[in-house]
Every structure is written in structure tokens, then in C-alpha cells.
Amino acid sequence: MSAAVLLGRAPSSAAAGTAPRCSESAGRDIPASAISLPTKGGRVESATFVTQVVSGAAIEYCRIAAALFPMDPSAPRIKLRIGMPVTWNRKAMMFGGGGYNGTIPDITLNVPFGRSDQPTPLARGYVTFASDSGHQAGPAGSLDGSFGMNDEALRNFAAGDALKKTRDAAVFLIRHAYGTGPGRVYFAGGSTGGREALVVAQRWPDAFDGVIAAYPAWNNMAEVLYLGYLTQVMSRPGAFPGPDEQTLLYDSVMKACDGRDGLKDKVISNVDGCNFDPRTLRCTNGVDAGPTCLSDLQIASVIAASNPFSWPYRIASGERSYPGFPFLSGADMRTPILGFGTSAPADPMPATSGYGPRYWDQWVKYFLTRDPDYSPLSVDPRRPGSRLPRISYLSTIQDRNNSDLRPFARSGGKLLLLHGAADELVSHRSTNDYYRRVRNTVGPEQTREFLRYYLIPGSNHANFGTPAFAANWDSLSALERWVEKGRPPIDPVVTDGRSGRARPLCEYPRWPKYRSGDPDSARSFVCSR
């Protein structure tokens with residue numbers, strides 16, 4: 001069977017008894033009463049049996065496209081997609097999005113950091129579903145923030161309202177198609193999807209049995225303000241470290257810190273033990289002298305990016321700072337899209353700038369000022385002036401996450417929290433902070449009853465590009481065992497999806513320290529503090 005999707009097939013006779021009623025779903029109305037948050041209901045736009053090669057096997061499923069109607073006639077619809085396999089395991093998996101969302105995630109793919117040699121949820125028999133979070137992106141894709149002009153669309157995305165609306169609609173359609181609802185419902189997402197994973201655990205603690213949150217941008221407003229500050233700093237003439245300077249910085253950090261964990265392997269495991277000072281790369285007299293050194297202005301930019309940023313005013317969410325990016329601990333900011341980019345931030349914002357400045361640009365235009373012509377360089381997060389009330393209001397929507405997950409724990413929910421220590425887009429230090437807040441709120445022993453947090457050295461944002469360590473772990477099987485059999489993860493192992501080398505997956509704040517033996521074997525390492 002080819003990898004192409006074959007449309008219009010009926011289920012085989014061998015699976016006919018378990019197949020969803022696909023054709024009956026086409027054109028079906030979704031009543032507003034089936035959704036716990038305000039909508040005007042929805043409708044199934046198409047329902048077709050397809051056969052698709054997923055995880056190396058031909059999977060037969062009913063592919064449903066549906067839309068949920070907004071309360072505000074001027075707001076966009078929520079577009080969602082559901083995959084209902086012919087052979088169903090009585091479970092469902094919802095996927096989170098990325099960036100500003102605006103497109104429906106591929107429901108045939110794996111969970112973040114999932115093992116490439118293990119079946120994806122759909123191939124395991126899960127019903128899988130996802131939505132665009134309530135708006136449809138233009139050519140800019142996940143960097144299109146124009147939906148922020150509409151209040152309902154803004155709340156659907158930023159406050160996470162679209163998540164519960166999508167979940168309720170999907171469960172309604174699952175019940176209709178199979179004659180029964182799912183026995184277990186899981187959620188998995190990374191980046192914005194990781195933030196969404198924490199949102200559903202907090203806001204709707206009974207809606208999901210288990211959650212995988214990877215590299216979560218959980219304090220979205222705090223990071224936005226930090227990105228705005230960094231955009232201001234690096235837009236100054238001569239302040240941007242170009243690709244050559246970024247390479248110099250990365251190589252210098254590796255030379256100084258790789259090996260402090262017992263092994264020189266381009267992976268800095270002892271992140272907190274890396275205290276590289278970029279001022280050691282200073283050009284003579286601090287004046288730009290080419291790619292062999294950093295000017296004073298470039299050093300100031302590097303320090304600004306890697307240090308915490310605090311703002312001298314109160315916002316309604318209570319957040320006061322963002323911890324800065326960890327690239328001085330091994331993150332490779334040379335990744336053009338995710339890191340610094342290849343050109344300085346400017347107005348208009350170049351497409352060659354990093355993801356962060358372009359995210360800020362859209363936020364300023366469509367969330368903050370709602371003026372598409374407004375310059376992203378005209379707002380200083382340190383001194384927002386008349387924009388402060390709007391910033392404070394938006395913080396109540398974008399930073400709704402809090403650390404009280406006790407209702408989720410009481411409902412029996414389990415949470416796997418993952419982050420790469422070399423992430424160049426969302427700071428792992430921020431996830432460290434979230435984990436500490438949960439422990440302080442819930443209690444250390446009580447937290448371990450429902451949450452595990454793993455910091456993965458050398459792994460970057462979503463295994464994008466060529467990370468030092470392309471993290472692969474069968475987190476879904478681990479989560480299933482914990483939720484369904486009461487067996488938490490014990491001594492898990494993470495592998496590099498490119499090289500096959502393995503490391504122990506250490507619970508934060510521990511990290512894998514090399515002892516002796518085969519450097520590609522997890523047995524050669526011990527989780528150390």
C-alpha cells in the first residue's frame with residue numbers, strides 16, 4: 001500500500017463490527033448544549049473513510065472535518081479534525097498547537113519528543129483530534145496574530161477556551177459514531193501546545209486523564225514582554241550578533257562547558273555548572289572587529305538575552321519577570337528560525353529575524369494596539385506608558401496558568417512535563433520555575449503522586465533542525481501505565497533519534513553524569529545533583 005491517502009473506502013469486513021458510523025456523521029449538527037462554553041453549536045462538514053500509512057502500517061479511519069460557530073458573528077469559526085480508527089482502543093488523544101496556531105495539527109503524528117520507532121496514537125487505535133484554536137492563519141502560518149483583533153478569537157486562543165470547546169465537540173461526535181464515549185482522554189502538546197496542556201489540567205481538571213506538556217510556553221505574556229525587550233536591545237545599530245558571531249559564541253560555550261558532566265559529547269548536561277562569560281570574547285576596545293570577537297554592544301545583547309528580565313510595574317496576572325534564554329548553557333541560537341535569526345529586528349520586521357521578534361511584532365500590532373501599521377519598536381516593555389492597562393488586561397488572558405493543580409490530582413490526572421535544556425525559543429528556566437511553583441503549592445510528596453518533570457540536556461525546541469540531542473521517549477506508553485495501571489515511570493531512558501545513543505531521563509533537578517563505559521549507553525550515566 002502506498003503512503004498516499006485513498007479516499008472513499010468503506011471499512012473492511014473484518015473490522016466492520018468495530019468501525020465508526022462514518023457516513024452518518026456527515027452533515028450532523030453539534031448542539032450548543034453539548035459544549036460547556038458558549039458557542040452556537042457546530043456542524044460536521046465532511047466525514048470520509050480513508051486508508052493512510054501511519055507508523056509504517058495501513059490505518060483505516062473515518063476522517064471528520066467540523067466547525068464550531070462563534071457567539072460573535074464577526075469571529076472566525078473553530079475548525080477541527082477528528083480521526084476515528086476502524087479498530088478503536090476506546091481512548092482519545094487531543095493534540096495542541098504551536099505559535100499563534102491557526103492551522104489544525106496533523107492528527108496522524110506522534111506526541112512531542114515521541115519515539116519515531118513506536119506507533120503514533122492513531123496507529124495505536126486512538127481517536128485523535130485537534131483544532132486550529134478558533135482562527136485560520138494566513139501565509140505567515142503560526143506567526144499570524146491578526147485574529148487578535150477579535151475578542152472571542154483572542155480568548156479562544158490565549159485563554160484556551162477553544163480547547164474545551166473542541167474537546168466537548170469531539171467527545172459528542174465520538175459517542176455518535178461508536179455508540180459510546182471514550183474510556184480515557186489524553187492531551188499532548190509542545191510549545192504553545194505545552195501551554196495548552198497545562199491550561200486544560202488547570203481549568204478543566206476532570207476533562208483529561210493524562211497530559212503530556214513539552215517545552216510549554218506557559219507564561220505567555222511574561223515571555224512576550226521579554227521578547228519585546230530583546231527586540232528593542234538587538235534593534236540598536238551594531239548590537240545584533242550575526243551568524244558568524246553566533247557561531248563564535250556557541251563554539252566558545254562548548255569549549256568552556258562541554259565535559260563538565262564527565263564526557264565531551266557536544267551536550268552540556270550540567271547546565272547550572274556552565275557559567276561562561278561572553279565578555280571573554282570582547283574585541284579590542286569593544287569595537288566591532290569582525291567574526292573573531294564580540295563588540296560591547298553585541299556582548300550587551302548576549303547578556304540581555306541570557307539574563308532575567310523584570311519590569312518595574314504591576315500587571316494583573318502577578319508575573320514580574322521572565323528568566324531569559326539558556327543558550328549560554330548549550331542552546332544553539334544559530335538555528336535561524338528559532339534563535340536570533342540572521343538579521344537584526346527592524347520595522348518592518350524582516351522575515352530573517354528570529355521567531356521571537358516576529359512573534360512580538362504580531363502581538364504589538366494585533367493584541368496590544370490593534371493597529372496593523374504600528375511599529376513593534378515603538379513599545380518599550382520597560383516603560384509602556386499608556387499601554388500598561390491593556391498589557392495588564394491581556395495578562396489575565398495570556399497568563400491564566402497557575403500552579404494549583406490539586407483539583408487535577410484529585411481527579412486522578414497524571415502529568416508528564418518535558419523540556420530540552422538547549423531550547424532556543426522557550427526557556428527551560430521558565431519550566432523549572434513552574435515546577436517549583438507546583439511543588440510549593442501542592443507539596444513535594446503530593447506533587448510526585450501525579451507529576452514528573454524531566455529536563456533533557458542537549459535537546460532543543462521540538463527537535464528542530466540538528467539539535468545536539470534529538471530527544472525520543474515513549475512518553476505515551478509511560479503515561480498509559482501510570483494512568484491505567486498506577487505505575488509511575490521508573491528509570492526511564494531517552495534516546496537520540498539521530499544517533500541512537502541513550503541517556504537516563506533524569507527527574508529535575510538531577511542531570512545525567514557520565515561514570516564510565518560505553519558513552520552511547522544509558523547505563524554509563526548516573527542521575528546526579
Side-chain angles (χ1 to χ4, degrees), residues 96 98-101 145 148 154-155 157-160 189-199 201-203 213-234 303-327 331 338 345 354-364 366-368 376 379-385 387-405 417 419 423-438 440-441 453 461:
Y100 282 119
N101 290 342
L154 178 61
R155 289 193 60 84
F157 164 78
S191 195
T192 289
R195 174 176 67 85
E196 292 168 343
L198 299 180
V199 166
Q202 176 204 322
R203 291 191 63 190
Y215 35 95
W218 68 272
N219 48 352
N220 185 236
M221 169 61 76
E223 183 171 5
V224 164
L225 293 175
Y226 164 81
L227 292 173
Y229 166 64
L230 198 59
T231 298
Q232 294 272 334
V233 169
M234 292 201 174
I303 292 175
S306 60
N307 282 351
F309 169 63
S310 301
W311 42 91
Y313 49 84
R314 295 182 62 84
I315 56 177
S317 69
E319 295 299 319
R320 299 300 298 265
S321 65
Y322 191 78
F325 284 107
F327 62 86
L338 301 183
Y355 198 98
R358 287 183 285 160
Y359 195 96
W360 165 257
D361 172 66
Q362 294 290 292
W363 184 84
V364 168
Y366 299 110
F367 283 44
L368 181 63
V379 178
D380 187 344
R382 295 165 295 183
R383 294 174 290 274
R387 302 294 178 182
L388 178 54
R390 176 70 177 173
I391 290 175
S392 186
Y393 166 72
L394 287 171
S395 77
T396 66
I397 301 175
Q398 293 180 249
D399 281 355
R400 287 197 60 153
N401 273 309
N402 65 47
S403 55
D404 190 357
L405 295 180
L417 187 58
H419 210 131
D423 196 309
E424 63 278 72
L425 185 58
V426 175
S427 175
H428 79 264
R429 297 170 184 166
S430 180
T431 303
N432 297 351
D433 178 47
Y434 178 84
Y435 176 68
R436 287 190 292 263
R437 292 187 191 194
V438 173
N440 291 337
T441 301
Y453 172 35
H461 197 80

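Residue numbers count from 1 along this sequence.
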Note, Arg382 side chain near Tyr229 side chain (heavy atom, < 4.5 Å): yes
CZ (Arg314) with more than 12 external heavy atoms under 6.0 Å: no
Axial cation check for Phe157 ring with Arg195, 6.0 Å and 45° limits: yes
Tyr366 side, atom OH; Asp361 side, atom CG - distance, nearest 0.5 Å: 8.0 Å
Distance in Å, Ser191 OG paired with His419 NE2, rounded so as to fall on 0.5 Å steps: 8.5 Å
Trp311 side-chain N/O to Glu319 backbone N/O, donor-acceptor pair under 3.5 Å: yes
Main-chain N/O of Arg436 paired to Asn440 side chain as donor or acceptor, under 3.5 Å: yes
Carboxylate-amine/guanidinium contact Asp433 Arg437, below 4.0 Å: yes
Tyr215 versus His461, closest heavy-atom pair with distance: CD1-CE1, 3.5 Å
Closest contact, heavy atoms only, Ile315 versus Met221: CD1-CG, 4.4 Å
Side chains of Pro216 and Leu417 in contact at under 4.5 Å (non-hydrogen atoms): yes
Asn220 side chain to Asp399 backbone, donor-acceptor under 3.5 Å: no
Parallel, tilted or perpendicular, as decided by the 30° and 60° cut-offs, for the rings of Tyr359 and Tyr100: parallel
Minimal non-hydrogen separation, Gly99 against Tyr355, with atom names: CA-OH, 3.2 Å
Whether Tyr226 and Phe309 hold their rings parallel, tilted or perpendicular, with breakpoints at 30° and 60°: tilted
Smallest separation among heavy atoms of Leu198 and Ala213, with atom names: CD2-CB, 3.9 Å
Side chain Ser392, main chain Pro389, donor-acceptor under 3.5 Å: no
Polar side-chain atom of Thr441 near backbone of Asp404 as donor-acceptor pair, under 3.5 Å: no
Polar side-chain atom of Arg390 near backbone of Phe367 as donor-acceptor pair, under 3.5 Å: yes
Verdict with supporting geometry, Tyr453 and Tyr434, ring pair (Phe, Tyr, Trp, His ring centres under 6.0 Å): CA-CA 10 Å; Tyr453 172 35; Tyr434 178 84; 9.0 Å; no
Closest non-hydrogen atom pair between Asn101 and Glu196, with its separation: ND2-OE2, 2.9 Å
Inter-residue atom distance Glu223.CD - Ser430.OG, 0.5 Å rounding: 7.0 Å
Spacing of Gln232 atom CD and Leu227 atom CG [to the nearest 0.5 Å]: 12.0 Å
Distance-only polar pair, side chains of Trp218 and Gln202, donor-acceptor under 3.5 Å: no
For Pro381 against Trp360, the heavy-atom pair lying closest together: CG-CH2, 3.8 Å
Leu154 side chain near Leu394 side chain, heavy-atom distance below 4.5 Å: yes
Arg203 side chain to Ala159 backbone, donor-acceptor under 3.5 Å: yes
Spacing of CD belonging to Gln398 relative to CZ belonging to Arg155, to within rounding of 0.5 Å: 11.5 Å
Side chain to side chain contact (heavy atoms under 4.5 Å, CB included) partners for Ser310, two or more places apart: Ser321
Nearest-0.5 Å distance that lies between atom CG in Leu225 and atom CG in Leu230: 12.5 Å
